[in-house]
Amino acid sequence: MNPLLLVTGGSRGIGAATARLAAARGWDVAVNCTRDAAAAEVVAADVRVCGRRAWVLQADVADDAQVQAMFARLDREAGVLSGLVNNAGVVDVAARVDEMTAARWQRMFAINVFGSFSCSREAVKRMSTRYREGGAWAAAGGHRGGVIVNLSSAAARLGSPGQYVDYAAAKGAIDVFTLGLAKEVAAEGIRVNAVRPGLIETEIHASGGQPDRAKQLAHQVPMQRTGSAEEVAAAIVWLLSDEASYTTGALLDVTGGR
């Protein structure tokens, strides 16, 4: 049986690239999406082309009840979870902090931070060796450990002044969450790391109203170019692999040196 991976926000961009590469490296993949199930089905089809099992799980990670239902469905249909990539995230239109609304901040943290907390909580319940004796998933072969990879951002270091300070703050929270959770579950067979992408060519810039943002800022990158979703996916899948077996609590920058 192949190891099972859940990728949140897996219908596009870095999530989709991660799902495809993980399948090529031997993972069965559950592709989560919030709305665009058709796009997620395309990614799932690509996973199956690699000879792996695939599922599309539609759920809003900002809604804890939907997260719990998603994991319950995964238990029923897919089996033992070995990996989680907390990729689902949003930006908003560029603005100063004094122009932002409370509703924007609540959405930003609900998806980018609380969603990762909810999904990680459910993953730890299924992966941790702490629950091995008599746990709900023990009979099915669970509680053997696993890997969690969070998606942070270089914005957590840079602050994104005048544009996305709220997004940067949310990703800063992900950095601290990664470090704390990694230490909390290190003795329970679970590794937790984060990847911090820089200027990457994905659809997220268009959703923030600046589709050409990455290209416009490429001159700020020491390598003088933007990155691709596939380059970020390569770092994520390495962290998921046994090649990173002694790596936990790491914040891996994929930024072209920025």
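The structure displayed is predicted, hence computed values, not measured ones.
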How long is the span from the [atom1] atom in [X] to the [atom2] atom in [Y], to the nearest 0.5 Å?
X: L239; Y: R191; atom1: CG; atom2: CZ; result: 7.0 Å
X: I200; Y: I14; atom1: CD1; atom2: CD1; result: 6.0 Å
X: R25; Y: C50; atom1: CZ; atom2: SG; result: 11.0 Å
X: L158; Y: Y164; atom1: CG; atom2: OH; result: 13.5 Å
X: F177; Y: S116; atom1: CZ; atom2: OG; result: 6.5 Å
X: Q163; Y: D92; atom1: CD; atom2: CG; result: 12.0 Å

Test your reading of the model: is there a side-chain donor-acceptor pair from [X] to the backbone of [Y], 3.5 Å cut-off?
X: K171; Y: G159; answer: no
X: R104; Y: V93; answer: yes
X: S153; Y: A156; answer: no
X: N32; Y: L57; answer: yes

If you count heavy atoms of other groups shown closer than 6.0 angstrom to CD of E243, is the number above 12?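 For E243, atom CD is not crowded (no more than 12 foreign heavy atoms under 6.0 Å).
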
Atom CG of D242: over 12 foreign heavy atoms under 6.0 Å: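 Atom CG in D242 is not packed in, count stays at 12 or less.
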
Are any of the side-chain heavy atoms of [X] and [Y] separated by less than 4.5 Å?
X: C119; Y: L84; answer: yes
X: V97; Y: W105; answer: yes
X: V90; Y: R107; answer: yes
X: R52; Y: N2; answer: yes
X: V195; Y: V149; answer: yes
X: I190; Y: S128; answer: yes
X: C33; Y: Q58; answer: yes
X: N86; Y: L151; answer: no

For residues 60-72, which residue pairs qualify under side-chain hydrogen bond (donor to acceptor under 3.5 Å, both in side chains), counting only residues two or more places apart or in two chains? D63-Q66, D64-Q68, D64-S118, D64-R121

Are [X] and [Y] connected in the hydrophobic side-chain network, where two residues link if heavy atoms are under 4.5 Å apart?
X: V192; Y: F114; answer: yes
X: I111; Y: F109; answer: yes
X: F117; Y: M127; answer: yes
X: V42; Y: V56; answer: no
X: L179; Y: V124; answer: no

[X] to [Y] - nearest heavy-atom pair and separation:
X: A182; Y: T248; value: CB-OG1, 3.6 Å
X: Q220; Y: R258; value: OE1-NH2, 3.0 Å
X: G10; Y: V43; value: O-CG2, 3.6 Å
X: A40; Y: V31; value: CB-CG1, 4.0 Å
X: A173; Y: V113; value: CB-CG2, 4.0 Å
X: P3; Y: G26; value: CD-O, 3.5 Å

With sequence neighbours left out, write down each residue that passes salt bridge (Lys or Arg N to Asp or Glu O under 4.0 Å) with E230, or none if nothing qualifies.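 E230 satisfies salt bridge (Lys or Arg N to Asp or Glu O under 4.0 Å) with no other residue.
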
Go through it in stages, so that I can follow the logic: the residues are L6 and V29, the test is side chain to side chain contact (heavy atoms under 4.5 Å, CB included), and I'd like the CA-CA distance, side-chain angles, deciding distance and then a yes or no. CA-CA 6 Å; L6 170 61; V29 183; over 6 Å; no

Answer yes if the side chains of [X] and [Y] hold a donor-acceptor pair under 3.5 Å, and no otherwise.
X: T247; Y: N193; answer: no
X: D36; Y: S11; answer: no
X: S152; Y: D175; answer: yes

Starting from the C-alpha separation in whole Å, work towards a yes-or-no answer on side chain to side chain contact (heavy atoms under 4.5 Å, CB included) for F71 and L81. CA-CA 9 Å; F71 275 84; L81 185 69; 3.7 Å; yes

Which of these passes side chain to side chain donor-acceptor pair (under 3.5 Å) with R196: N150, T178, D253?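 Running side chain to side chain donor-acceptor pair (under 3.5 Å) over N150, T178, D253 with R196 returns exactly one hit, D253.
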
When you look at V67 and E122, which way does the side chain to side chain contact (heavy atoms under 4.5 Å, CB included) test go after all the steps? CA-CA 8 Å; V67 168; E122 296 303 311; 4.1 Å; yes

What is the ring orientation for Y131 with H143, classed by angle as parallel under 30°, tilted 30 to 60°, or perpendicular over 60°? tilted

I'd like to know if E188 pairs up with R144 as an ion pair, taking the criterion as any Lys NZ or Arg NE/NH1/NH2 lying under 4.0 Å from an Asp or Glu carboxylate oxygen.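 Looking at R144 together with E188, the answer is no, because their closest N to O distance does not fall below 4.0 Å.
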
Give the C-alpha distance, both sets of side-chain angles, the deciding distance and a yes or no for side chain to side chain contact (heavy atoms under 4.5 Å, CB included) between D75 and R126. CA-CA 9 Å; D75 294 337; R126 289 155 174 81; 2.9 Å; yes

Intermediate values then yes/no, salt bridge (Lys or Arg N to Asp or Glu O under 4.0 Å), D46 and R20: CA-CA 7 Å; D46 291 340; R20 292 180 174 112; 2.6 Å; yes

